[in-house]
Amino acid sequence: MINFVKRIKFLDKGLIMKNIYNSVLENLSDDNFYGIWNDLFRHNEKLKTHDKKEKFFDFFIYGMKKNILLEYDLENQCPVFSRDDPYVVVHRIFSDLKNLKLPEDNGDVTREFIAYAMTKYGWAVLKEGTYLFLPD
């Protein structure tokens, strides 16, 4: 019985995150990393920095699988259709995030993180298959 209750709680958390992901994707346009991060974690401030990063990556993978988020080449100013797995693409886009030395608690309120998050791009947003929001 205890394992069943744990599984239900785990599934509830997964459903809650999926609802949050869907809500953020529905309202997404030309948001930067910082705006998306805040939308995702507005009610989950107690999470460790590492856990937030994992959920952020999961959000991007989910958005790519839903054909809403696309990799975008800033230098050549065009979407990238590499056929790579979304996991690989997300880790490529945010490969420099691992260079930030963030504390496990409240790492997302440090100057270093905020500076990174306010200037980080590398994706485009496809809305309803008819409009592409490009990064600034």
Exercise. Considering all heavy atoms of both residues, which atom of P103 and which atom of T49 are nearest to each other, and what is their separation?
Worked result: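 Heavy-atom minimum between the residues: O-OG1, 2.7 Å.
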Can you tell me how far the [atom1] atom of [X] sits from the [atom2] atom of [Y], to the nearest 0.5 Å?
X    : Y    : atom1 : atom2 : result
K101 : F113 : NZ    : CZ    : 15.5 Å
F33  : D31  : CZ    : CG    : 12.5 Å
N38  : I114 : CG    : CD1   : 8.5 Å
L74  : I93  : CG    : CD1   : 9.5 Å
K52  : H50  : NZ    : NE2   : 13.5 Å
L28  : I68  : CG    : CD1   : 8.0 Å

Exercise. Would Y21 and K66 count as a side chain to side chain contact (heavy atoms under 4.5 Å, CB included) if you check the C-alpha gap in whole Å, the side-chain angles of each, and the deciding distance to 0.1 Å?
Worked result: CA-CA 11 Å; Y21 291 173; K66 292 272 198 184; over 6 Å; no
For this session: Evaluate whether atom OH of Y87 has more than 12 neighbouring non-hydrogen atoms of other residues, nucleotides or ligands under 6.0 angstrom away.
Result: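 Not more than 12 within 6.0 Å, no.
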For this session: Give a yes or no on this: more than 12 heavy atoms of other residues, nucleotides or ligands lie within 6.0 Å of atom CD of E104.
Result: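 Enclosed.
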For this session: Check the angle between the aromatic planes of F94 and W123 and answer parallel, tilted or perpendicular using the 30° and 60° thresholds.
Result: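 Judged by the thresholds at 30° and 60°, the geometry between F94 and W123 is tilted.
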Exercise. Taking the inter-plane angle between the rings of W37 and F56 on a 0 to 90° scale, is it parallel (under 30°), tilted (30 to 60°) or perpendicular (over 60°)?
Worked result: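 Rings of W37 and F56: tilted, 30 to 60°.
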For this session: Kindly say whether the aromatic ring centers of Y34 and Y116 come within a distance under 6.0 Å.
Result: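 Between Y116 and Y34, which both carry aromatic rings, the centre distance is not below 6.0 Å.
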Exercise. Does Y131 have its ring centroid less than 6.0 Å away from the ring centroid of F133?
Worked result: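 Y131 vs F133: aromatic centres under 6.0 Å.
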Problem set entry | Results of side-chain contact (heavy atoms from CB on, under 4.5 Å) for S82 - residues two or more places apart only |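 By the side-chain contact (heavy atoms from CB on, under 4.5 Å) rule, S82 matches E71, V80, D84, V89, R92.
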Exercise. Could you give all pairs that pass the salt bridge (charged side-chain N to carboxylate O under 4.0 Å, His left out) test and reach residues 114-131, with sequence neighbours left out?
Worked result: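 As it turns out, the salt bridge (charged side-chain N to carboxylate O under 4.0 Å, His left out) pairs with a partner in residues 114-131, which skip direct neighbours, are D96-K120.
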For this session: Quick one: do V88 and V90 satisfy side chain to side chain contact (heavy atoms under 4.5 Å, CB included)? Show the steps, please.
Result: CA-CA 6 Å; V88 172; V90 169; over 6 Å; no
For this session: Scan I20, L69, D39 and name whichever one has a side-chain contact (heavy atoms from CB on, under 4.5 Å) with F59.
Result: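 Among I20, L69, D39, the one that satisfies the side-chain contact (heavy atoms from CB on, under 4.5 Å) with F59 is L69.
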